[in-house]
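In the text below, chain A, chain B and the rest are named by the order of the sequence lines, each starting its count at 1. The structure presented is a predicted model; accordingly, all values stated were derived computationally and were not measured.
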2 protein chains.
Amino acid sequence: MTAVLVVDDDAYLLRALRITLQAHGYDVVTAVDGRSALLAARQQPPALVILDLGLPDMDGSAVIRKLRGWSAVPVLVLSARHGSEDKVEALDAGADDYITKPFGLEELLARLRALLRRSAETEQPTVITTDAFTVDLGKRRVLRDGQDIRLTPTEWKMLEVLVRSPEKLVTQQQLLSEVWGPAYAKETNYLRVYMAQLRRKLEPEAATPRHLITEAGTGYRFLP
Amino acid sequence: MTAVLVVDDDAYLLRALRITLQAHGYDVVTAVDGRSALLAARQQPPALVILDLGLPDMDGSAVIRKLRGWSAVPVLVLSARHGSEDKVEALDAGADDYITKPFGLEELLARLRALLRRSAETEQPTVITTDAFTVDLGKRRVLRDGQDIRLTPTEWKMLEVLVRSPEKLVTQQQLLSEVWGPAYAKETNYLRVYMAQLRRKLEPEAATPRHLITEAGTGYRFLP
DNA sequence: GGGGATCTTGACGAATCCTTGACGCAGGGC
DNA sequence: GCCCTGCGTCAAGGATTCGTCAAGATCCCC
């Protein structure tokens, strides 16, 4: 899911943006000042940043310049000022777009789509490798002996959940609710069927799995 | 030198923009209506397009959509209207930024710099070759056995999206929203129709595609 | 206004995927 | 030793999704 970092010291606006963005399918992380914004951007790199220039602790353009020191994430600036000097400064500091308050949410969403459309081409892949197969989360692809393995949507989702937290035990309920939805928390036989398919496709010896381990009674675990 | 295509029917504004832009080191090409703008963009591909929405001969969003049929050049829209519907429509048609008249020249220049900065990062190898055909993204051409293959704008756009990220699975929603716009995210039958056409034109055996692969239930994938 | 290219729309078998039930096996408690 | 529970396996059916075709609508250039 697309993660958006919203930085604003106005709690009301922050809340409105969170609700609107989430309703349109974005993951929302919020920050109320420049320092926590930079920290959040580093810890959970978002796909886009919405930044209010009027922050309590530091100048908005300074935030952009710091961010640009190590990230190329698109930045959409909000500001109450109409002055052109502010716009010029923010844009030249590295912002990608600039909206003046008050603004329409539809316009914000449209500008956000335009920015994401542009940056969609420049994202880097996450690759997990084992001695038997390779999972490319960015390309949604699995390789085994150089051949690409064809997975059904359900097989892929299940593998993705496991692979995203290596060595960690994923309970049956977590798997079921992430792949099939919270309503399917008792259909553990689905897990057995699809785990068998994954093993047949990925494990060298499906009978003695070394990467897709079952923890009897609780869930499954992925070992690289 | 960086070439900018300025499209506006206001002779005075056109003149002012030409002088300002040239003073800042840009090459300026002008057009006064949609038709000549599209023609000029084709004959002398600019690095950026500044487009006034209020053109005498056609709707501004229609110009953008046509342009997007074969070009990814950044588009900066000028408009006298403040309504958010116009902005949303233009941005979703493929525009990258939107300024409302009257605007400050400094702001225009700053936004222009921001757009050019972005597009400079996105430059990538523009010729992709497979053992069956060759795609030249820069020249918007497809060759097969030395022959020029004729693609419709929609076919081209779809092929371009797939080819720009080789081996990557492109979701049906991604394809639909990039080719037809975010509002068409459910018209998956369009994909089937156009994918069939692309395969007929590009694949040696359209019945057993080797480069344009379908991932049932999720999307499509291009393999070189 | 006319003709050609392009885009939409609907319908149909074919291919793929998901669900479901049955069966065997292993381990643990009694 | 016996029963019970949880897991792996298999295959069939039913439900989706896909490829294909063709006809109508629309756009565009002359």
Side-chain angles (χ1 to χ4, degrees), chain A residues 149-159 169-173 175-176 179-181 183-203 205-221, chain B residues 33-39 42 57-59 61-70 93 149-159 169-173 175-176 179-181 183-203 205-221:
Chain A
I149 303 294
R150 175 162 273 258
L151 296 184
T152 72
T154 308
E155 287 164 7
W156 172 261
K157 268 190 237 159
M158 194 159 147
L159 179 64
L169 171 63
V170 182
T171 68
Q172 297 175 342
Q173 279 66 31
L175 263 177
L176 285 165
V179 177
W180 281 270
Y184 290 72
K186 299 181 107 178
E187 308 281 344
T188 58
N189 50 330
Y190 288 8
L191 297 179
R192 295 208 293 280
V193 172
Y194 279 93
M195 185 54 70
Q197 305 228 15
L198 278 179
R199 283 175 179 152
R200 198 173 314 129
K201 289 183 177 180
L202 300 181
E203 291 275 4
E205 302 171 68
T208 60
R210 293 185 309 169
H211 303 105
L212 298 170
I213 311 299
T214 135
E215 302 281 346
T218 55
Y220 294 88
R221 189 193 302 271
Chain B
D33 56 32
R35 277 184 67 166
S36 53
L38 290 170
L39 202 62
R42 218 186 254 279
D57 62 336
M58 55 197 292
D59 180 53
S61 298
V63 178
I64 300 171
R65 258 185 289 272
K66 292 224 169 131
L67 188 67
R68 282 282 173 268
W70 52 272
I149 300 292
R150 186 182 174 76
L151 295 183
T152 73
T154 308
E155 288 165 5
W156 170 259
K157 186 71 185 151
M158 192 159 147
L159 179 65
L169 171 59
V170 182
T171 304
Q172 296 174 343
Q173 280 65 30
L175 264 176
L176 285 166
V179 177
W180 281 270
Y184 290 74
K186 291 188 151 180
E187 309 281 343
T188 58
N189 49 332
Y190 290 8
L191 297 179
R192 297 209 293 281
V193 173
Y194 279 92
M195 184 54 68
Q197 306 226 16
L198 278 179
R199 284 176 178 150
R200 228 193 323 276
K201 290 183 177 181
L202 301 180
E203 290 275 3
E205 302 171 69
T208 60
R210 293 184 310 166
H211 303 105
L212 298 171
I213 309 298
T214 137
E215 300 280 345
T218 57
Y220 294 88
R221 188 195 303 273

Under 4.0 Å between a side-chain N/O of B/K66 and OP1 or OP2 of D/dC28, yes or no? yes
Looking at B/E155, B/R68, B/M158, which one forms a side-chain contact (heavy atoms from CB on, under 4.5 Å) with B/V179? B/M158
Assign B/R35 to base, sugar-phosphate, or nothing according to its heavy-atom contacts below 4.0 angstrom with the strands shown. nothing
Does a side-chain heavy-atom distance below 4.5 Å link B/T171 with B/T218? no
Is it true that B/W156 and B/Y194 have ring centroids separated by less than 6.0 Å? no
To the nearest angstrom, the CZ-C1' distance between B/R42 and D/dC28 comes to 13 Å
With a 4.5 Å heavy-atom cut-off, do A/E187 and A/N189 have their side chains touching? yes
To the nearest angstrom, the CD1-P distance between B/I213 and D/dG19 comes to 10 Å
Quick one: label A/W180 by what it contacts on the DNA or RNA (base, sugar-phosphate, nothing), any heavy atom closer than 4.0 Å. sugar-phosphate
Minimum heavy-atom separation for B/V63 and B/M58, please, with both atom names. CG2-CG, 3.7 Å
When the nearest nucleotide of DNA chain C is assigned to A/L151 and to B/Y190 on a heavy-atom basis, which residue is associated with the more 5' position? B/Y190
Please say whether more than 12 non-hydrogen atoms of neighbouring residues, nucleotides or ligands are located less than 6.0 Å from CZ in B/R65. yes
Sugar-phosphate atoms are those with a prime plus P, OP1 and OP2; base atoms are the rest. Using that split, label each nucleotide of nucleotides 7-16 of chain D B, S or - for protein heavy atoms under 4.0 Å, 5' to 3'. BBBB------
Could you give the distance from CD (A/E205) to OG1 (A/T208), rounded to the nearest 0.5 Å? 4.0 Å
Got a donor-acceptor contact below 3.5 angstrom from the A/E203 side chain to the A/H211 backbone? yes
Please identify the 5'-most and 3'-most nucleotides of DNA chain C with any atom under 4.0 angstrom from a heavy atom of chain B. C/dT6 to C/dC17
